[in-house]
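First up is the structure itself, then whatever we jot down about it.
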There are 2 protein chains.
Amino acid sequence: MVSEMVSETEKFKEYLVSRKLKFTPERQAILYQVFATHKHFEADELLVDLRNNDMKISKATIYRTLALLVESGLLREVISGERHAHYEHVYGHEHHDHLVCNKCGKIIEFVEQRIEKLQDEVCRVNKFKPESHRLQIQGLCEDCIETEWVGQK
Amino acid sequence: MVSEMVSETEKFKEYLVSRKLKFTPERQAILYQVFATHKHFEADELLVDLRNNDMKISKATIYRTLALLVESGLLREVISGERHAHYEHVYGHEHHDHLVCNKCGKIIEFVEQRIEKLQDEVCRVNKFKPESHRLQIQGLCEDCIETEWVGQK
DNA sequence: CTACGTGCAAATGGTTTGCACATAC
DNA sequence: GTATGTGCAAACCATTTGCACGTAG
């Protein structure tokens, strides 16, 4: 189990060094706990898991470290990330999905029936009854690709 | 059966009647404003638009009415809806998407390369440079389909 | 008439932040 | 030694809710 940890630890350390950040006991503990099991989780669950292992790490540190893990590419935010809800018309408009520009925030709508078909197929295979879905691709729009290198964080 | 489109107002009234709810001036104003333009928006923007048209409607009513418009099928929540972020491993795991059960919350992961391919195609057509994407299908999982759904709201 | 709706202000609750102290490097 | 990190509590902020009053049907 520990041998599996090594690669993630190395990856994280690499990231920290590249950002001139430190590898603290708190970050080590969080990293370990996060990769101790392969499951979806949220910040509070992580806090509980850590408490159960006698690690007393504050929520603030957990949130700050999770952000680092996402930035380093070790974790992904599956749900949400947005602070508030956005709405769009449904009635009288064909179903569509979205390309969202990470730089200027522009939203491009697109329709691709073949993707819809494949989704139905996936649901059938998994004996899942779909009620709605959301496909969102983040990236850079045509205008922003040119100035891509500006303002990287 | 009907080929011509019923107005949004009619659709909303239908829904309200079916739920024994009332068609108030506030709901009428919000409905009008929401469909005055075809754009993505959030609650606060709607409030501002209404204020600009001299409609003084409280935030509470706006949120309550938006919920009704979503339930009636006139609007769709494009982004978020979730209260808190969920995370999953990235490093060492193949990219996958999710089936999320609306009843028990179970998350089923799936991989469908053909969908990924089509996404790339969509990006190419729109001259969009993808950095990440998120496909999430909401519905009922196998176990929950049996138990059906009683308390729909 | 009366069940439903509204505005207001206060509550919620996940997440973020200011600050003083602690520590990795 | 110093730039970073941490814990704590308070702040944030979109959204929800309790309550007393208003009103559509």
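Only this structure's heavy atoms are used, side chains among them; waters, hydrogens and symmetry mates stay out. By convention in this document, chain letters (A, B, ...) are assigned in the order of the sequence lines, proteins followed by strands, and residues within each chain are numbered from 1.
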Check: Residues sharing Phe110(A)'s hydrophobic cluster, by side-chain heavy-atom contacts under 4.5 Å among ILVMFWY, directly or via others?
Finding: Leu99(A), Ile108(A), Ile115(A), Leu118(A), Val122(A), Phe128(A), Leu135(A), Ile137(A), Leu99(B), Ile108(B), Phe110(B), Ile115(B), Leu118(B), Val122(B), Phe128(B), Leu135(B), Ile137(B)
Next item on the list: Round to the nearest Å and state the distance from Gln28(A) atom CD to dT6(D) atom C1'.
Entry: 16 Å
Check: So, does Thr65(A) use its side chain to make a donor-acceptor pair with the main chain of Thr61(A) at under 3.5 Å?
Finding: yes
Next item on the list: Rounded off to whole Å, could you give me the CD1-to-P distance for the Ile62(A) and dG7(D) pair?
Entry: 8 Å
Check: What integer distance in Å separates Leu47(A):CG from dG13(C):P?
Finding: 17 Å
Check: Do any side-chain nitrogens or oxygens of Ser58(A) fall under 4.0 Å of OP1 or OP2 in dC8(D)?
Finding: no
Next item on the list: Check the distance between dT15(D)'s P and Asp44(B)'s CG and give it to me in whole angstrom.
Entry: 7 Å
Item checked: Summary of protein contacts for nucleotides 18-25 of chain D, nucleotide by nucleotide, where a base hit scores B, a sugar-phosphate-only hit scores S (4.0 Å, heavy atoms) -> B-----BS
Check: Once you round it to whole Å, what is the distance between C1' of dG5(C) and CG of Leu16(B)?
Finding: 11 Å
Next item on the list: Answer yes when Asp97(B) and Arg134(B) have at least one side-chain N-carboxylate O distance shorter than 4.0 Å, and no when they do not.
Entry: no
Notebook entry, point to check: Does a nitrogen or oxygen in the side chain of Tyr63(B) sit under 4.0 Å from OP1 or OP2 of dT16(D)?
Noted result: no
Margin query: Under a 3.5 Å cutoff, is there a donor and acceptor pairing between the side chains of Gln136(A) and Gln138(A)?
Written below: yes
Check: So does Arg27(A) get a side-chain nitrogen or oxygen closer than 4.0 Å to the phosphate oxygens (OP1/OP2) of dA24(C)?
Finding: no
Next item on the list: Mind calculating the distance between NZ (Lys20(A)) and C1' (dT23(C)) to the nearest angstrom?
Entry: 19 Å
Notebook entry, point to check: Hey, is Lys129(A) close enough to Glu142(B) for a salt bridge, meaning N to O under 4.0 Å?
Noted result: no
Checklist line | Interatomic distance where NZ belongs to Lys59(B) and P belongs to dA11(C) [whole Å] | finding: 17 Å
Notebook entry, point to check: Is there a donor-acceptor pair closer than 3.5 Å between any side-chain N or O of Glu45(B) and the backbone N or O of Glu42(B)?
Noted result: yes
Next item on the list: Whole angstrom is fine here: how far is it from CD in Glu42(B) over to C1' in dT15(D)?
Entry: 13 Å
Item checked: Polar side-chain atom of Glu112(A) near backbone of Arg114(A) as donor-acceptor pair, under 3.5 Å -> yes
